[in-house]
Amino acid sequence: MRLSRYFLPILRETPKEAEIVSHRLMLRAGMIRQESAGIYAWLPLGLRVLNKINAIVREEQNRAGAVELLMPVIQSADLWRESGRYDDYGKEMLRISDRHERDMLFGPTNEEMITEIFRGSVRSYKDLPLNLYHIQWKFRDEVRPRFGVMRSREFLMKDAYSFDLDAEGARHSYNKMFVAYLRTFARMGLTAIPMVADTGPIGGNLSHEFIILASTGESEVFCHQNFLSLPTAPASIDFDDRAVMQAEVDRWTHDYAATSDMHDAPRFDALPEEAKVSARGIEVGHIFYFGTKYSEPMGAVVNGPDGKAVPVQMGSYGIGPSRLVAALIEANHDDNGIIWPESVAPFDIGLANLKPGDGPTDAACQSLYAQFTDAGFDVLYDDRDERPGAKFATMDLIGLPHQVIVGPKGLAEGKVEVKNRRSGVREMLSLEEVVNKLVAGRKR
RNA sequence: CGGGGCAUAGCGCAGUCUGGUAGCGCGUCUGCUUUGGGAGCAGAAGGCCGGAGGUUCGAAUCCUCCUGCCCCGACCA
């Protein structure tokens with residue numbers, strides 16, 4: 001993509017409303033634009049990151065056996081009256097009516113709808129286990145939206161729903177999502193710590209929040225030092241093996257970890273001093289097992305092996321990709337801007353032409369652009385007629401992992417500069433070496 | 001939902017107290033000179049001063065109401 005043809009409205013100054021670093025940087029880097037309190041438009045650069053995150057979420061959901069579908073944003077109030085939550089949910093639910101004055105709502109979550117879909121088509125225990133998920137916009141009319149997309153009213157959520165015949169099966173479904181979540185966050189370069197959680201309005205009796213540590217986190221968290229270095233399960237782990245899944249979950253729930261609402265101070269205090277981690281955290285995922293809370297009132301039943309109808313055991317599993325964009329920036333930035341992990345970067349390489357209009361420089365850039373693109377990289381080519389300083393500042397701000405800087409000075413010696421955004425390391429290499437280096441780096 | 005604040009050019013702000021032709025910096029556009037860490041000079045464009053009423057010869061400025069947004073707290077993927 002040529003920057004001169006792209007839409008990247010960068011701000012040189014920080015809008016005053018942005019309090020936390022991710023919000024500031026998202027606005028400055030032209031990723032989002034606020035349209036209303038807690039409601040944002042995703043500009044091209046931001047959308048690219050969101051899509052990269054979604055792709056990782058999908059891969060890991062699919063790997064764990066979940067199946068993607070897509071449910072509507074607008075739901076009927078009648079569905080929510082069946083579960084009793086139409087009255088329980090309160091003012092956070094945005095209630096609307098259509099032209100026939102039917103009560104509708106903008107979905108804050110989808111337990112009711114997925115249960116309705118399930119009961120309409122599944123009759124036998126032989127169709128279980130089943131896990132259905134979608135990635136869809138949600139609306140929760142927060143009293144006080146803040147921190148940009150970290151706590152917005154409209155937000156993107158991946159929500160999965162599992163259906164099992166019995167509690168043991170449901171536990172396995174829960175464990176699969178637990179492991180899939182750890183892998184999902186690890187692939188984004190985040191250390192997410194599962195913490196025993198309150199179940200809130202979703203209900204149920206088994207729940208974990210996945211928290212990443214960040215100084216700007218909204219909640220206070222306590223955990224054992226061990227979590228900071230626990231290795232994540234490999235992609236090859238057998239999601240169908242109940243014992244393997246349980247062992248993996250046990251490994252990740254063995255040590256103490258809790259948010260302030262669930263904090264067990266005596267237990268934490270008993271830890272050796274060097275093992276205590278007390279910090280702030282951002283919730284990036286939340287999983288629940290809630291049994292028959294919805295299946296029973298809504299009549300989602302299957303015939304068991306004995307021919308008797310039983311309500312299915314359910315769980316739900318949420319990840320907020322839009323919040324993750326902000327969380328990733330909180331965890332990856334410096335004074336100059338964002339530092340994207342490679343797996344979610346909007347572009348892999350930023351190619352800066354320091355002197356557009358100069359024949360040899362243009363030619364070298366064109367050649368590199370073609371070679372990078374052929375090698376499968378997403379390249380943002382800064383061909384704008386700007387001074388070098390402005391280009392460097394832009395590149396650092398938007399945080400692409402690799403910067404390739406091409407100017408007459410280097411080219412006189414047949415070289416271009418490659419800079420690693422995270423380490424800051426710069427090298428002068430020939431055109432051929434640059435391509436080889438980046439290709440080799442990606443395979444590693 | 002309680003408390004506090006803000007609203008003037010794309011962004012950041014001054015002007016409001018004490019009413020009298022709408023300002024500054026950055027950005028944008030034109031030209032020239034520049035070109036390896038946000039250039040210099042010259043010129044230009046861009047505003048129903050959040051909205052509606054009111055007071056006044058005259059309102060960005062004073063009064064009333066409304067709306068939007070932000071911050072602190074309580075609540076939450």
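Here the structure is a predicted model, which means the values were calculated and not measured. Protein chains get the first letters and strands the later ones, always in sequence-line order, with residue 1 at the start of each.
- Within 4.0 Å of A/G407, counting heavy atoms only, lies at least one base atom of the nucleic acid.
- The partner of B/rG37, taking Watson-Crick or G-U wobble pairs whose two distances both stay under 3.5 Å, does not exist in any strand shown.
- In the model, A/Q246 has a side-chain atom that pairs as donor or acceptor with a side-chain atom of A/D250 under 3.5 Å.
- Rounded to whole Å, the C1' atom of B/rU64 lies 16 Å from the corresponding atom of B/rU56.
- Within the 6.0 Å centre-distance limit, the rings of A/Y89 and A/W80 are counted as a close aromatic pair.
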Using the salt bridge (charged side-chain N to carboxylate O under 4.0 Å, His left out) rule, take A/R442 and A/D348 through it: C-alpha gap first, then chi angles, then the decisive distance, then the call. CA-CA 10 Å; A/R442 188 181 49 179; A/D348 304 305; 5.6 Å; no
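- When the P atom is used for both B/rG51 and B/rA60, the distance is 11 Å, rounded to whole Å.
- Side-chain N/O atoms of A/R24 and base N/O atoms of B/rG12 include no donor-acceptor pair closer than 3.5 Å.
- Of the P atoms belonging to B/rG5 and B/rC65, the separation is 16 Å, rounded to the nearest Å.
- Following rounding to the nearest Å, A/R28 (CZ) and B/rG38 (C1') show an atom-to-atom distance of 10 Å.
- At the heavy-atom level, A/K158 lies nowhere under 4.0 Å from the strands shown.
- Between A/R422 and A/N332, the side chains place a donor N or O and an acceptor N or O closer than 3.5 Å (distance only, hydrogens not considered).
- Nucleotide B/rC1 forms a pair with B/rG73, judged by Watson-Crick or G-U wobble geometry with both contacts under 3.5 Å.
- Base pairing analysis places B/rC57 opposite B/rG20; the two distances defining the Watson-Crick or G-U wobble pair are each below 3.5 Å.
- B/rC48 and B/rA52: their P atoms are spaced 12 Å apart (whole Å).
- Among the heavy atoms of the strands, none lies under 4.0 Å from A/S219.
- With a cut-off of 3.5 Å on both pairing distances, the Watson-Crick or G-U wobble partner of B/rU30 is B/rA42.
- Relative to the side chain of A/E13, the nucleotides B/rG38, B/rC11, B/rC69 differ in distance, and B/rC11 lies closest.
- Comparing the P positions of B/rC75 and B/rC11 gives an interatomic distance of 35 Å, to the nearest angstrom.
- Using a 4.0 Å heavy-atom criterion, one finds that A/K355 contacts no nucleic acid atom at all.
- When each of B/rG12, B/rU28, B/rC69 is scored by its nearest atom to the side-chain atoms of A/K16, the top-ranked nucleotide is B/rG12.
- Straight-line distance from the CE atom of A/M93 to the C1' atom of B/rC75: 17 Å, rounded to whole Å.
- Taking atom C1' in both B/rC6 and B/rA14, the straight-line distance is 15 Å, to the nearest Å.
- Side-chain proximity of A/P15 to B/rG36, B/rC69, B/rC11: nearest is B/rC11.
- The interatomic distance linking A/R387 (CZ) with B/rA39 (P) rounds to 5 Å, in whole Å.
- Atom CD of A/E35 is surrounded by more than 12 heavy atoms from other residues, nucleotides or ligands within 6.0 Å.
- Between B/rA45 and B/rA9, the distance separating the two C1' atoms is 11 Å to the nearest Å.
- Side-chain N or O atoms of A/S430 include none that pairs as donor or acceptor with a backbone N or O of A/K415 at under 3.5 Å.
- No contact: A/E209 has no heavy atom under 4.0 Å from any strand.
- The 5' end of RNA chain B is approached more closely, in terms of each residue's nearest nucleotide, by A/G38 than by the other of A/G38 and A/E92.
- Atom CZ of A/F392 is separated from atom P of B/rA39 by 12 Å (rounded to the nearest Å).
- Considering only the side chain of A/R146, B/rC75 comes nearest among B/rC75, B/rU28, B/rC70.
- Of the side-chain N and O atoms in A/R12, one or more sit less than 4.0 angstrom from OP1 or OP2 of B/rG27.
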Go through A/W42 and A/V149 one step at a time and tell me if the side chain to side chain contact (heavy atoms under 4.5 Å, CB included) criterion holds. CA-CA 10 Å; A/W42 289 78; A/V149 297; 3.7 Å; yes
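- In this structure, A/E142 places its CD atom 15 Å from P of B/rG73, rounding to the nearest Å.
- Remark: B/rG25 base-pairs with B/rC11; criterion is Watson-Crick or G-U wobble with both hydrogen-bond distances under 3.5 Å.
- For A/T14 and A/R384, each mapped to the nucleotide of RNA chain B holding its nearest heavy atom, the one lying further toward the 5' end belongs to A/T14.
- Of the nucleotides present, none pairs with B/rC49 by Watson-Crick or G-U wobble criteria with both distances under 3.5 Å.
- Remark: the backbone N or O of A/L380 is not paired with any side-chain donor or acceptor of A/Y6 at under 3.5 angstrom.
- If you measure from atom CG of A/L11 to atom P of B/rG25, you get 20 Å, rounded to the nearest angstrom.
- In this structure, A/D358 atom CG and B/rG36 atom C1' are separated by 13 Å, rounded to whole Å.
- Residue contacts shown for A/R153 are absent, as no nucleic acid heavy atom lies under 4.0 Å away.
- When rounded to the nearest whole Å, the span between CG of A/L43 and P of B/rG10 equals 17 Å.
- Residue A/Q34 places at least one side-chain N or O under 4.0 Å from the OP1 or OP2 atom of B/rC70.
- Separation of the C1' atoms belonging to B/rU61 and B/rG46 is 23 Å when rounded to the nearest angstrom.
- Nucleic acid contact for A/T394: base, since at least one base atom lies under 4.0 Å from a heavy atom of the residue.
- Within 4.0 Å (heavy atoms only), A/K391 reaches no atom of the nucleic acid at all.
- Across the strands present, B/rG68 finds its partner in B/rC6; the criterion is a Watson-Crick or G-U wobble pair with both atom distances under 3.5 angstrom.
- Comparing B/rA74, B/rG37, B/rG36 by their closest approach to the side chain of A/D396 singles out B/rG37.
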